[in-house]
There are 2 protein chains.
Amino acid sequence: MGKKKETITIYDVAREAGVSMATVSRVVNGNPNVKPVTRKKVLETIRRLGYRPNAVARGLASKKTTTVGVVIPDISSAFYAELTRGIEDIANMYHYNIILCNSDLKKNKELQLIDALLEKQVDGLLFMGGEVTEEHREVFAGASVPVVLAATHDEERPYVTIDQVKAAKDATSILIKEGNQRIGLIGGPLTDAIMGQPRYQGYREALEESGIGFEEELVRLGNYRYQSGLDAMQELLALPEPPTAVFAVNDEMAVGAIHAVQDAGKKVPEDVSVIGFDNIPLASQVRPRLSTVAVPMYDIGAVAMRLLTKYMNDETIEDNQVVLEYRIELADSTRLKNEGEE
Amino acid sequence: MGKKKETITIYDVAREAGVSMATVSRVVNGNPNVKPVTRKKVLETIRRLGYRPNAVARGLASKKTTTVGVVIPDISSAFYAELTRGIEDIANMYHYNIILCNSDLKKNKELQLIDALLEKQVDGLLFMGGEVTEEHREVFAGASVPVVLAATHDEERPYVTIDQVKAAKDATSILIKEGNQRIGLIGGPLTDAIMGQPRYQGYREALEESGIGFEEELVRLGNYRYQSGLDAMQELLALPEPPTAVFAVNDEMAVGAIHAVQDAGKKVPEDVSVIGFDNIPLASQVRPRLSTVAVPMYDIGAVAMRLLTKYMNDETIEDNQVVLEYRIELADSTRLKNEGEE
DNA sequence: CTGTTAGCGCATTCAG
DNA sequence: CTGAATGCGCTAACAG
C-alpha cells in the first residue's frame, strides 16, 4: 500500500494526445472552446493513461481550492453533528469539500485552527463556537476569504442563527401558561455568550414580564450534559418548595431532569413539567417524549454554507445576517399540548 | 469581508530581511541549520509583514499536504460522530487536518468521494463504510497513499474494528443465561455486510450452539433507527408466543423496542429483557438504562488514525489489522447484572 | 550556516 | 479553436 506510481501529469496527456497542455487543461475544466474531435481524443488518452488532475497544483495556479474550513466546538455533540451534516450536504452540492476542526470552545484553539485553515488557503470559513471576541474579529478581518458564523452571532459578520432569547422566553411562557408559579431553570454557564447567557435571559424576562418574578433559588447551572441536568434537578427537588416546572436549556439536561423527577417517585408532567431546547433525536427517544424548542440545526448549517458559497462566488447577497425560525415542539413532558406555536 | 490583501510571500520576507528564500523557508520549517541571529531577524520581519505560509504551494513543492481524507456514512449518526472525534483528535495531535465526506453508504458516492479526495492529494485515507467491494479494492490499490479502514473490514487492507460476530454472540448469550427460551432479534439489513450480517450471524450461532435453536419467526429487520426498532418490537409482541428477550443490533432500535414493550403495558426487564449494541450516549440516557455491547467508538477512530500516521511516516508497523476489545455493559434492561464481562 | 537553482502540476494570458 | 510562455509560492538538492 502506498506505492509511488510515477505520477502522470497534464503534460504527459498532452504529449500522448498530440496537443498542448492548454488544450488538455481546457477539456479537463470543461471549457467549451475545444473542437469535439480533439476533446474526444484528449478524453480518451486521459482515460487510457489513468490521468488524475492534481488539485493542489490547480489550487496554486488558480488560487482556488474548492475547500472550506469548518470550526466547530465538538463533532460528537448531537447538535453540532446535525449542523455539520447540513453544512456538508450543501458544500457537496456546490462541489466544495470541508476541512473539519474541533475547537472544544477554547478560544486559543479556535484562533489557531482558523490560522491553520487560512494557511491551507480555504476559499471560505464557517465558524461555530463560543463568543466572538475582539481577537476573533481581528483574525476574521485579516482573512482574505469570507467568513460566516453559524449558530453564533456577531454584528460585524454575516451569520445564521436563531433568536435564542425569544425562544427561551417562549419555552418559559409555555410553563407559565400551564399555570405553574414556581418554574425552575437548569441553565448553562452564564459565561457562555452563545447559549448559556441568552437562554437564561429569556427565562428571566418571561418570568419578570408575567409578574411571577425571577427567583435566584430556582436557578441551577449545568454543563449541558445529561448528568448535570439530573444533578441540578435533584437539588431543585430538595428545595423546601420545589418547582412544579423546569426549563432546561438543552435536551440532554432536560432528560436528566426528567429522570431525576422519576427517581424521586414523582411523575412528568403531572408533578413537574419539563421543557428542553434543541430537539435533538434524544428528545423523541425518551418517555415521556420531551417537549422542546425545535432548533433547525440542519438548516442553520445548510443556510450558512449556502451563504458562504454566495460570498465565494461573488453573488449578490440580499441578507447576510439570517435569523431562522424555530418551533416549540410540545410532546409529553409538559401538560400543554398542540399550541403555543412559534 | 473577502478583501484581497496583496499576498505577501516568502520572497518578500527574504528581501525585507536581507536573506534568501531558502533561509526563510528554513526558519518557517524549524530547520535547525540557521544561526540564531538570522532566525530572529527573519522571525521578526515575518511578524512585521504578517506573512502567512501558503500550504498549497508547500504541498505542491513537497508533495505532502498534511491532510487526510475521511469517508464516513453519516456524521449525524451518534456512532460515527464519536468515531470521527477520535479520528480528528489524533489527526490534530499529529498536525494533520481531515477532509470529511458523508457517503450515506452509497457505493458510487463512496467511490466518487475517494477519487475527489485523491485528487486533492490527501496524504492518506480513512474509510468507513459499507462493504468493501472489488471496485473499492481497485481504487484503493490505485491510490498512491495509504488507506486504512475503520469499523470496517477487508482482508486486503489495514483496518481497525471489533469482532462483530463474537460480540453479537456474547450479547445473545447474556439473554440465554437469563433463562430466556424465546429470544427475538431486531436486526439490520442482511445486505449490510458490516453490521447487519455479522450481528445476525452471531445471534444465530449463539442460539444454535445453546440448543435453543434459531427460529425465523423471532427475527425482524429494521433500518437501525428508533422507529424501526419500535415497530419491530410491536410485531414481535403480537406473536402468539412472544419473545421474553430481544437482542437489537444497535442502541437506537433497542430503545425503540423498550418503548414498544412499555407501550404494551409490559415491563423491561421483568417481562422482556432487551440488549442493544454500540453504547451510544442514548443507552445511558433512557430508563431503564440499556444493557448493551460497548463498542469503543472513539478508540476505533483514534487507533485507525494513528495507524494511518504510521503509514504516512513510514514507521514500522507491527500489526496492521487491529481487532479492538469490546465490553458487555449490563445496565437495567436485562435481568443479569455485573457479569458476562468480555 | 546560507544562497542559487530548479522544478512541483496546472491555469492563464496572449498570440495566432 | 489551439499552442507557447509564464508564474502561482514554496521546497529541495546542491554548492559554497
Original post:
Could you give the start and end, 5' to 3', of the contact zone on DNA chain D for chain A, using atoms under 4.0 Å from its heavy atoms?
Top reply: D:dC1 to D:dG9

Indicate every side-chain donor-acceptor pair of residues 51-60 of chain B with a distance under 3.5 Å to a residue at least two apart or in another chain.
unit_1, atom_1, unit_2, atom_2, d
B:Arg52, NH1, A:Asp115, OD1, 2.6
B:Asn54, OD1, B:Val56, N, 2.7
B:Asn54, OD1, B:Ala57, N, 3.0

**OP:** Not counting sequence neighbours, which residues clear side chain to side chain contact (heavy atoms under 4.5 Å, CB included) with A:Asn313? List them please.
**Re:** A:Tyr96, A:Thr309, A:Glu315

**OP:** If a pair satisfies salt bridge (Lys or Arg N to Asp or Glu O under 4.0 Å) and one of its residues is in residues 32-48 of chain A, list it, with sequence neighbours excluded.
**Re:** A:Glu16-A:Arg48, A:Glu44-A:Arg47

Original post:
What heavy-atom pair brings B:Ala150 and B:Leu83 nearest, and what distance separates the two atoms?
Top reply: CB-CD2, 4.3 Å

Subject >> A:Lys64: side chain to side chain donor-acceptor pair (under 3.5 Å) partners, not counting sequence neighbours >> reply: none

**OP:** Tell me which residues in residues 32-45 of chain A put a heavy atom below 4.0 Å from DNA chain D, sorted by number, or none.
**Re:** A:Asn33, A:Val34, A:Lys35, A:Thr38

**OP:** Would you mind reading off the bend of the helix from C:dC1-D:dG16 to C:dG16-D:dC1 from its two end axes, five pairs each, to 10 degrees?
**Re:** 30°

Subject >> Any residue meeting side chain to side chain donor-acceptor pair (under 3.5 Å) with B:Ser77, in chain and number order, not counting sequence neighbours >> reply: none

**OP:** With sequence neighbours left out, write down each residue that passes side chain to side chain donor-acceptor pair (under 3.5 Å) with A:Tyr224, or none if nothing qualifies.
**Re:** A:Asp192

Distance-only donor-acceptor hits, side chain of residues 19-34 of chain B, under 3.5 Å, sequence neighbours excluded:
unit_1, atom_1, unit_2, atom_2, d
B:Ser20, OG, B:Ala22, N, 3.4
B:Ser20, OG, B:Thr23, N, 3.3
B:Ser20, OG, B:Thr23, OG1, 3.4
B:Ser25, OG, B:Asn29, ND2, 3.3
B:Asn29, ND2, B:Ser25, O, 2.8
B:Asn31, OD1, B:Asn33, N, 2.7

Original post:
Judged by modelled atom types alone, do A:Thr65 and B:Lys120 share a side-chain donor-acceptor pair under 3.5 Å?
Top reply: no

**OP:** Using the test side chain to side chain contact (heavy atoms under 4.5 Å, CB included), find all partners of A:Arg137 that sit at least two apart in sequence or belong to another chain.
**Re:** A:Val132, A:Glu134, A:Asp154, A:Glu156

Original post:
What closest approach, in Å, do B:Cys101 and A:Asn97 show between heavy atoms, and which atom pair accounts for it?
Top reply: SG-ND2, 3.8 Å

**OP:** Examine B:Phe140 together with B:Phe127 and report whether their ring centres are nearer than 6.0 Å.
**Re:** yes

Original post:
Quick one: what's the B/S/- string for nucleotides 4-13 of chain C, heavy-atom cutoff under 4.0 Å, read 5' to 3'?
Top reply: B--BBBBBB-

